[in-house]
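See below for the structure under consideration.
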Amino acid sequence: MKFTAEQIAGILEGEVVGNPNAEVSKLSKIEEGDEGSLTFLANPKYINYIYTTKATVTIVNDSFVPEQEISTTLIKVEDAYAAFSKLLHFYNQVKLNKNGIEPQSFMSEGTKYGENLYLGSFSYIGQNVVLGNNVKIYPNSFIGDNVVIGDNVFIFAGAKIYSETVIGNNCTVHSGVIIGADGFGFAPNENGEYSKVPQIGNVIIEDNVDIGANTTIDRATLGSTIIRKGVKLDNQIQIAHNVEIGKNTVIAAQSGVAGSTKIGENCMIGGQVGIAGHLTIGNNVRLQAQSGVARNIKDDEVLQGTPSLGYTDFNKSYVHFKNLPKIVAEVEELKKQIINPKNGNNG
């Protein structure tokens, strides 16, 4: 896809300084720009590159005044960083705007779908599925029976959406995600073996949720596992059965939440955090990376460590932990002085 500087300026409500017909077909960093690319200058640390970049078009702030000759066409906007971000969003929408049902995909009779559906090859749509407008299902995806998916949802290649799952509007499900697999429910019997407890609930994903690659969200034993509006989940996260995650909470990669735990709103959870089951995590909680949580947490707490401590207490304790060899040596020296004082008295 090619765009002219004039077309881009129209999207960004900017002003062209240079050749309005200059064409670009790709994006680049300013220091790596080459012919046919579009870049931007927002950080003053990179200002020298504006004079050497080979990018065809560069987005700059209104306040920018070149101090020497430049070859790139400028698009002047109020905020270059925000404008480039807007352009990235626009570019991504155009790139992902596929339509139509590709050959070798399967859709069960009775499937209901809205406008601009894209169904990639080797994908499967089960019975009684309802798909909204602008749903994009990439190749090798599986959509089980009785699934409901809202508008403007992207399901990338290889995702698996089990039966009875409900997904809201404006959600993104990345490759390898599995939503609605059985929760880890087993009960010991008299023979010391484990018998499976049927998992007959479902998963509900509300609006504006992003789910990273290879993340798994288990169906509830009864009721629903619920991911509230605006939640952002990184790659390789495990959400167990009957968990509820409050709106606008973000969780970084390789974290795990055990069954029936309730996480509040606007929480920030770092990578490799482990949260035990049947807990209540309050609103606005911050859990630093690799923390292990085994107790309920009140609103606004900031914790770190395993088992997790208050963030300030953890840092104070860690200072002593780093000095532990020195502290032990000092204690040993004090013991020697007590046992063998200089005056020779061993009492």
Side-chain angles (χ1 to χ4, degrees), residues 43 45 81 85 88 170-179 181 183-184 203-218 220 224-328:
N43 190 329
K45 292 181 179 179
Y81 186 80
S85 297
L88 285 174
N170 308 310
C171 293
T172 300
V173 178
H174 283 283
S175 293
V177 166
I178 298 176
I179 300 175
F184 192 62
V203 176
I204 297 175
I205 310 290
E206 294 189 343
D207 297 346
N208 306 313
V209 172
D210 282 61
I211 304 172
N214 292 323
T215 284
T216 54
I217 304 173
D218 291 344
S224 300
T225 301
I226 304 176
I227 312 299
R228 297 291 185 190
K229 292 181 180 179
V231 168
K232 310 300 180 187
L233 301 179
D234 199 358
N235 303 332
Q236 297 180 321
I237 290 171
Q238 159 64 10
I239 305 299
H241 56 183
N242 293 94
V243 166
E244 181 175 339
I245 300 178
K247 67 180 183 180
N248 299 324
T249 283
V250 295
I251 304 179
Q254 297 183 345
S255 293
V257 184
S260 299
T261 283
K262 311 300 180 188
I263 298 176
E265 300 176 358
N266 302 304
C267 295
M268 297 179 66
I269 298 173
Q272 296 186 334
V273 168
I275 302 176
H278 302 274
L279 299 181
T280 300
I281 310 296
N283 299 321
N284 308 305
V285 168
R286 305 290 185 266
L287 298 177
Q288 306 298 322
Q290 295 190 326
S291 294
V293 180
R295 63 174 177 86
N296 294 333
I297 298 176
K298 297 178 182 177
D299 292 352
D300 305 309
E301 287 196 60
V302 181
L303 303 178
Q304 185 170 4
T306 303
S308 55
L309 305 172
Y311 183 63
T312 302
D313 291 338
F314 178 89
N315 286 333
K316 289 179 180 178
S317 300
Y318 189 69
V319 170
H320 296 302
F321 176 75
K322 288 194 301 183
N323 293 327
L324 192 57
K326 180 181 177 182
I327 294 169
V328 170

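Tested against Gln238, the residues Asp218, Asn214, Thr215 include a single side-chain contact (heavy atoms from CB on, under 4.5 Å) partner, Asp218. Partner of Thr261 under the side-chain contact (heavy atoms from CB on, under 4.5 Å) criterion, out of Asn242, Ile281, Val293: Ile281 alone. For the side-chain hydrogen bond (donor to acceptor under 3.5 Å, both in side chains) criterion with Lys232, the lone passing option out of Asn208, Asp210, Thr172 is Asp210. Exactly one residue among Val243, Thr249, Ile205 makes a side-chain contact (heavy atoms from CB on, under 4.5 Å) with Ile227. That residue is Ile205.
For Ser255 (side chain) and Gly270 (main-chain N/O), a donor-acceptor pair under 3.5 Å exists by modelled atom type. Looking only at distances, a side-chain donor or acceptor of Asn296 sits under 3.5 Å from a matching main-chain atom of Thr280. The main-chain N or O of Val203 is never found under 3.5 Å from a side-chain atom of Thr225 such that the two would form a donor-acceptor pair. A donor-acceptor contact shorter than 3.5 Å is absent between the side chain of Asn284 and the backbone of Asp299.
Here Gln236 contributes atom CD and Asp234 contributes atom CG; the two are 8.5 Å apart, rounded to the nearest 0.5 Å. Between Gln290 atom CD and Gln254 atom CD the span is 9.5 Å, to the nearest 0.5 Å. One distance of note links CZ of Arg295 with CD of Glu301; it measures 5.0 Å at 0.5 Å rounding.
Cys171 and Glu206 make their closest contact through SG-O, 3.1 Å (heavy atoms, listed as atom of the first residue, atom of the second, distance). The two residues Ser291 and Gln304 have their closest heavy-atom pair at OG-CA, 3.1 Å. Scanning all heavy atoms of the two residues, the minimum distance from Ala276 to Ala258 falls at C-CB, 3.6 Å. Taking every heavy atom of both residues into account, Arg286 and Asn266 meet most closely at NH1-O, 3.0 Å. Scanning all heavy atoms of the two residues, the minimum distance from Gly264 to Cys267 falls at O-SG, 3.7 Å. Taking each heavy atom of Gly259 and Ala240 in turn, the nearest pair found is N-CB, 3.4 Å.
Contact check for Arg228 versus Glu265: no side-chain heavy atoms found under the 4.5 Å cut-off. For the pair Ile263/Ile269, a side-chain contact is recorded, criterion being any heavy-atom separation below 4.5 Å from C-beta on. Side-chain contact check for Ile239 versus Ile245: some heavy-atom pair is nearer than 4.5 Å. Within the 4.5 Å cutoff, the side chain of Ile217 has heavy atoms near those of the Ile211 side chain. Contact annotation: the side chain of Ile297 approaches that of Leu303 to within less than 4.5 Å [non-hydrogen atoms, C-beta and beyond].
Within a 6.0 Å radius of NZ in Lys229, no more than 12 heavy atoms belonging to other residues, nucleotides or ligands are found. Counting heavy atoms of neighbouring residues, nucleotides and ligands inside a 6.0 Å radius, atom NZ of Lys247 does not exceed 12 of them.
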